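In what follows, chains are A, B, ... by sequence order, proteins preceding strands, each numbered from 1. Just so it is clear, the structure is predicted and the values come from calculations on it, not from any experiment. Below, all heavy atoms of this structure are taken into account, side chains as well, without hydrogens, waters or symmetry copies.
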2 protein chains.
Amino acid sequence: MKEPTIMDVARQAGVSVATVSRVLNGSTLVNASTQEKVMEVIRSMQYTPNAIGKQLRSQKTMTIAVVVPDISITYCVEIIKGIENTANPLHYKIIICDAQNKPEKEREFMTLLVSRTVDALVLVTPSQTDAELAAYADNGYTLGVIGRDAGHDAIPCALTDNVKLTRQVMSHLIGHGHTRIAFLSGFATAIDSYERLEGYMKGLQEARLPFVPELVDNGDFTEDGGYAAFMRLRERNPGLTAVFAANDEMALGVHKACGELGIPIPGGMAIVGVDNSRITNYVRPPISSVEQPLQTMGVLLAGKLIDQMNANEQAGRRVFKIDSTLIVKGSSSLKEAEEGQR
Amino acid sequence: MKEPTIMDVARQAGVSVATVSRVLNGSTLVNASTQEKVMEVIRSMQYTPNAIGKQLRSQKTMTIAVVVPDISITYCVEIIKGIENTANPLHYKIIICDAQNKPEKEREFMTLLVSRTVDALVLVTPSQTDAELAAYADNGYTLGVIGRDAGHDAIPCALTDNVKLTRQVMSHLIGHGHTRIAFLSGFATAIDSYERLEGYMKGLQEARLPFVPELVDNGDFTEDGGYAAFMRLRERNPGLTAVFAANDEMALGVHKACGELGIPIPGGMAIVGVDNSRITNYVRPPISSVEQPLQTMGVLLAGKLIDQMNANEQAGRRVFKIDSTLIVKGSSSLKEAEEGQR
DNA sequence: GAGCGGACTGTAATCGTTTACAATGGTTTT
DNA sequence: AAAACCATTGTAAACGATTACAGTCCGCTC
């Protein structure tokens, strides 16, 4: 079970290791007949080059690590697929790292970069601060961020335009006559929470509606959190007619709460979420949600990152700010609700 | 941005590389004061050992690759989590490989093993034949399989007891008075399809019900496939009152079809699926489904695999055949349907 | 005081590649 | 015919770690 090495091949073929290496790497400086002979030996021995040896010598692993906060959420999976779609054709391998929502795990994965196990690292909605990330970038490590702008020249970023996104939702709701619209944020540290809140306020302002702090609550991005937050919101604001949740999980919680309280959707309460996850189409009525082109974000970011590694181009800030689309469904539009009777 | 190497540390600390290495690996044969000094230098230089160098020398990567057919399905994600839970505390890293349902991709990932990029490889419901897998095992590569019994002494396997699982479902349905029960299989090559079909037949036999070939159809494990298959089944069998789908996706397809045709669930049609995926709880009525302890399967398999690598124990066949539990919900029980009004 | 053993440290080989440089032999140029 | 060149191949030095083996130094025993 001892693997044959390049030396075994060389001996068997009666040439030097250099020649075998040249054949392996498709160098032109090798005689056609020698090439043939070496290839034959390689085939007969079932030789496969040892990746570690290669990596040590070339100082490259052709591998990119993708660190996601939670492998079970579709948001992350879509991004991973996008990255894979760019990276694989360029012969880069992807390794997926699940931080299990633990900041310390995320930080642990950074050592993959430092120990040179991977050439680059993509962080999806990292918990680390911009300053922490900047420190890595300043030390010459290649990394990219998805979900926010890390604000560093050497760190390409891909993110959705949260303000635009939110204003889109607000104008939809306001257009349907809602004036008392609640906003459900995720945990306070998340940039998405902040930016979407900002967009919420801007949307109100443009429609000359007052901003009422009681209409804002936090649901921690989870279904249960959304459920609880909605209960609180409702208590505080009896006149509430619409909820904008910063993600679908919380929207689901609101949906559930309404079901239990016998509040009709969308007549008694309109609901809009973000992510347009599959499950929003399976509840009755389905939940309106904003679709983000996640795969595209992955594709763009990975492309940029690989360019950066190969071309050594430090072409300044590279931030992809990407627009998303509101998918209106039964939870916020009576018309849709009546049509879509599955 | 040049990484410091162990030699830089040695020079700076005025000792040899051997000593530094000993400090790094916690060897006892090093003077306390030297140790202190070396540690200090390591800290001040921010030295992190180069993983590639280490791997080349030790011929170990402490990494296990997990190859899944599709990263977007929860089935796979749960298994991954189980593996991670065992492997991480034992200092093994996991790399997740998404075969995107393409057999050629899966085969590509096998080279990770051959090129020594990883120490072991876990295949989740592999598309390769037992013989192909056996060839790897015979060449001394460490691999494990989840989802079926690969039938090789050196390949530990974790799988659900499909026959038991199916009979459980059948007795539930038969107990509720159903006599014309359809079986929806996945693609024919999948072992699950075959075994579950077998269980279906045994279940009928035990209840002295006839096996009617027209009551079996194939839905390719997808929602659309299940939808289409149900339409065909219904045409062929007007008296149909229950469907057992070999996974939840197909069950969802049946659920959708019934919704469109106005067939009441469970009164007009009872539905049972397998996997107990989250989404089954969000449709109305929720779909009864069999829950498999997927994380447990991952945990057991990974544990066995690591044992095998460390202890060199070739302790013969190691197959974990695991029981699952039917979760009865509204789609197959009127009682549940009436209670669970969300 | 020679011999021995223990505690610690250093030297150098090794893992499997790639690649700069040198070497070879043959052909063309001058 | 010497020089220059080309195509092809080989030698050996990296890459960054671990570790067998060989010191060195010191204190202890006989």
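- In this structure, A/T5 does not reach the C/dG16 phosphate: none of its side-chain N or O atoms is under 4.0 Å from OP1 or OP2.
- Set against D/dT8, D/dG10, C/dG16, the side chain of B/L56 has C/dG16 as its closest nucleotide.
- Here the P atom of nucleotide C/dT17 and the CD1 atom of A/I42 are 10 Å apart, to the nearest Å.
- One interatomic measurement links the two molecules: CE of B/M7 to C1' of D/dA14, which rounds to 11 Å at whole-angstrom precision.
- For A/I52 and D/dT18, the CD1 to P distance is 14 Å, given to the nearest whole Å.
- Comment: B/D98 does not engage B/K105 in a salt bridge, judged by the lack of any side-chain N to carboxylate O separation of less than 4.0 angstrom.
- Note: CD (A/Q35) to C1' (D/dA7) measures 14 Å, nearest angstrom.
- Nucleotide D/dT18 holds its P atom 6 Å from the CG atom of B/L24, rounded to whole Å.
- Taking only side-chain nitrogens and oxygens, A/T19 comes nearer than 4.0 Å to OP1 or OP2 of D/dG10.
- When the nucleotides D/dC15, D/dT18, C/dT17 are ranked by their closest atom to the side chain of A/Q59, D/dC15 comes out on top.
- The phosphate of D/dG16 (OP1 or OP2) has no side-chain N or O of B/Y47 nearer than 4.0 angstrom.
- The pair B/R43-B/E40 counts as a salt bridge, with a side-chain nitrogen and a carboxylate oxygen less than 4.0 angstrom apart.
- Between the side chain of A/R57 and the base of D/dG16, no donor-acceptor pair under 3.5 Å is found.
- Salt-bridge check for A/E132 with A/R107: passed, with a basic side-chain N closer than 4.0 Å to an acidic carboxylate O.
- With distances taken from any side-chain atom of A/R22 to the nucleotides C/dC8, C/dT17, D/dG10, the minimum falls on D/dG10.
- In this structure a side-chain-to-backbone donor-acceptor pair under 3.5 Å is present from B/S58 to B/K54.
- Checking the phosphate oxygens (OP1, OP2) of D/dT8, no side-chain nitrogen or oxygen of A/T34 falls inside 4.0 Å.
- Which of C/dG10, C/dT18, C/dT19 sits closest to the side chain of A/I6 comes down to C/dT18.
- In terms of heavy-atom proximity, B/P126 sits nearest to B/V145 at CD-CG1, 3.8 Å.
- Rounded to an integer number of Å, the gap from CG of A/N50 to C1' of C/dT14 is 13 Å.
- With B/D8 contributing its side chain and B/T5 its backbone, the two residues share a donor-acceptor pair below 3.5 Å.
- If one axis is set at each end of the helix from C/dG1-D/dC30 to C/dT30-D/dA1 from five pairs, those axes are 70° apart, to 10°.
- Each of D/dG10, D/dT18, C/dC8 was ranked by its minimum atom distance to the side chain of B/K54; first place goes to D/dT18.
- Both B/V30 and B/G53 lie close to DNA chain C; mapped to their nearest nucleotides by heavy-atom distance, the more 5′-ward contact belongs to B/V30.
- Between the side chains of A/Q55 and A/T61, no donor N or O sits under 3.5 Å from an acceptor N or O.
- Regarding A/R116, its CZ atom lies at a distance of 22 Å from the P atom of C/dT17, rounded to whole Å.
- Side-chain nitrogen and oxygen atoms of A/S21 include at least one within less than 4.0 Å of the OP1 or OP2 phosphate oxygen of C/dT18.
- Looking only at atom types and distance, the side chain of B/K102 has no donor-acceptor partner in the side chain of B/S127 under 3.5 Å away.
- Note on B/N25: a side-chain N or O is less than 4.0 Å away from OP1 or OP2 of D/dT18.
- For B/R11 and C/dT9, the CZ to P distance is 19 Å, given to the nearest whole Å.
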